[in-house]
Amino acid sequence: MSRVAYVNGTYRPHSQAVVHIEDRGFQFADGVYEVWSVFDGKLADYAGHMERLGRSLTELRIEIPMTAQALGVVLRETIRRNKVRDGIVYLQITRGTAPRDHAFPKGVAPSVIVTAKSIDLHKGEKNAEKGVAGITHPDIRWGRCDIKTVGLLPNALAKQAAREKGAYEAILFDEMGMVTEGSSTNAWIVDENGKLRTRDTQANILRGITRAAIMKLVKEEGIELDERPFSVEEAKKAKELFVTAASSFVMPIVSLDGEKIGDGKPGPIATRLRSVYVEQAIRDAI
Ligand code: PDD
């Protein structure tokens, strides 16, 4: 089946879905994005991602080109046209197309791009049952990682380093040796003392929507959470290490830089949180 993308007001086959060479997303990474997981054609954590999108746009002073409601219609129509049951939908909004100049152009309409793809949920489930490998990698990103911008080169370099070592994710660390987050995920541990920990969002990290959903579930499950940074060393000594994101839900990491985490198998907390998260995400998808 040929895939279809939404580009600035029209639905086009992927082969014809293009943006201008002077789009500021291409020239300056001057744009933001959001990613929703799709269950049975419906969007998971819909409101959370939409709110973060609004925040990212406001932070960069990109004028929202259409109402959130209209955007929702486009997301769903792109899902429908691509016949996605379970999958992912991506939305990119850039400042638009203008003659190249670092400063913001005046009177330019932002570009809006939506793509959707199907995903084999069983593959992710299999990965989660076995657990995946991680590597550590220095965090060389800019100072505003709370904004979900399309400027993902450091993330792409870190993910590539992970792939080259046969690993699923790169766990990023700062100059103090403290874990910030994953290259496209938030990172969590169950520390040596059995305490669940994830870095606080005062730090230079993305405020993950899956992270926020998991935090609610953690409360409901009566699990105590310590929102505090942890070091690479602590991650390696942890009972459990896992990452969260819209595209991977809760993914247990069972080795880090080749060193076994815990007993080298997905732990009970990650396993439980994955199952309650997926159950809730499917139930509440709209
Ligand atoms: N990545 N941290 C980073 C750097 C991310 O890129 C992501 C999401 C997350 C998790 O955020 P959320 O739970 O809202 O998905 C954390 C998406 C899935 C991506 O880039 O594909």
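Indexing begins at 1, ligand by ligand and atom by atom, following the structure's order. Because the structure is predicted, anything quoted here is derived from the model rather than measured.
- Annotation: atom 20 (O) of ligand 1 to nearest protein heavy atom, Tyr33 OH, 2.7 Å.
- The part of Thr244 lying near ligand 1 is the backbone, judged by heavy-atom distances below 4.0 Å.
- When heavy-atom distances to ligand 1 are checked against a 4.0 Å cut-off, Leu206 comes that close only through its side chain, counted from C-beta outward.
- Considering CD of Glu129 and CD of Glu125, their distance stands at 6.0 Å, rounded to 0.5 Å.
- The shortest contact between atom 15 (O) of ligand 1 and any protein heavy atom is with Ala246 N, 2.9 Å.
- Look at Cys145 and you'll find every heavy atom at least 4.0 Å from all atoms of ligand 1.
- Looking only at atom types and distance, the side chain of Thr136 has a donor-acceptor partner in the side chain of Asp257 under 3.5 Å away.
- Thr97 and Glu22 share no side-chain donor-acceptor pair at under 3.5 Å.
- For the residue pair Tyr11/Asn82, the side-chain donor-acceptor check at 3.5 Å is not satisfied.
- Distances below 4.0 Å separate heavy atoms of Asn155 from the following atoms of ligand 1: 4 (C).
- Protein heavy atom at the shortest distance from atom 13 (O) of ligand 1 is Thr210 OG1, 2.6 Å.
- For Ser183 and Asn155, the side-chain atoms include no donor-acceptor pair closer than 3.5 Å.
- Nearest protein neighbour of atom 21 (O) of ligand 1, counting heavy atoms only, is Val35 CG2, 3.8 Å.
- The protein atom (non-hydrogen) at minimum distance from atom 17 (C) of ligand 1 is Lys148 NZ, 3.6 Å.
- In terms of protein heavy-atom proximity, atom 18 (C) of ligand 1 is closest to Ser247 OG, 3.3 Å.
- With Asp86 contributing its side chain and Ser118 its backbone, the two residues share no donor-acceptor pair below 3.5 Å.
- Aromatic rings of Phe39 and Phe249 (six-membered ring for Trp) have centroids within the 6.0 Å cut-off, being under it.
- The environment of CD in Glu233 is sparse: at most 12 heavy-atom neighbours from other residues, nucleotides or ligands sit within 6.0 Å.
- Between Phe173 and His137, the ring center distance fails the sub-6.0 Å criterion.
- Any N or O atom pair closer than 3.5 Å counts here, and Glu181 shares at least one such pair with ligand 1.
- Annotation for Arg61: atom CZ does not count as buried by contact number, only 12 or fewer foreign heavy atoms lying within 6.0 Å.
- Of the listed residues (Ser248, Ser184, Gly48, Ser37), the one carrying the non-hydrogen atom nearest atom 6 (O) of ligand 1 is Ser184.
- Closest to atom 11 (O) of ligand 1 among all protein heavy atoms lies Gly208 CA, 3.5 Å.
- Ligand 1 lies nowhere less than 4.0 angstrom from a heavy atom belonging to Arg207.
- Residue Gly182 has no N or O atom closer than 3.5 Å to an N or O atom of ligand 1.
- Annotation for ligand 1: atoms under 4.0 Å from non-hydrogen atoms of Thr185 are 2 (N), 3 (C), 5 (C), 7 (C), 9 (C), 16 (C).
- Of all the atoms in ligand 1, the ones that sit under 4.0 Å from a non-hydrogen atom of Ile209 are 12 (P), 13 (O), 14 (O).
- Close contacts of ligand 1 with His49, meaning ligand atoms under 4.0 Å from a residue heavy atom, involve 14 (O).
- Contact detail for Val32 and Leu53: the closest heavy-atom pair is CG2-CD1, 3.9 Å.
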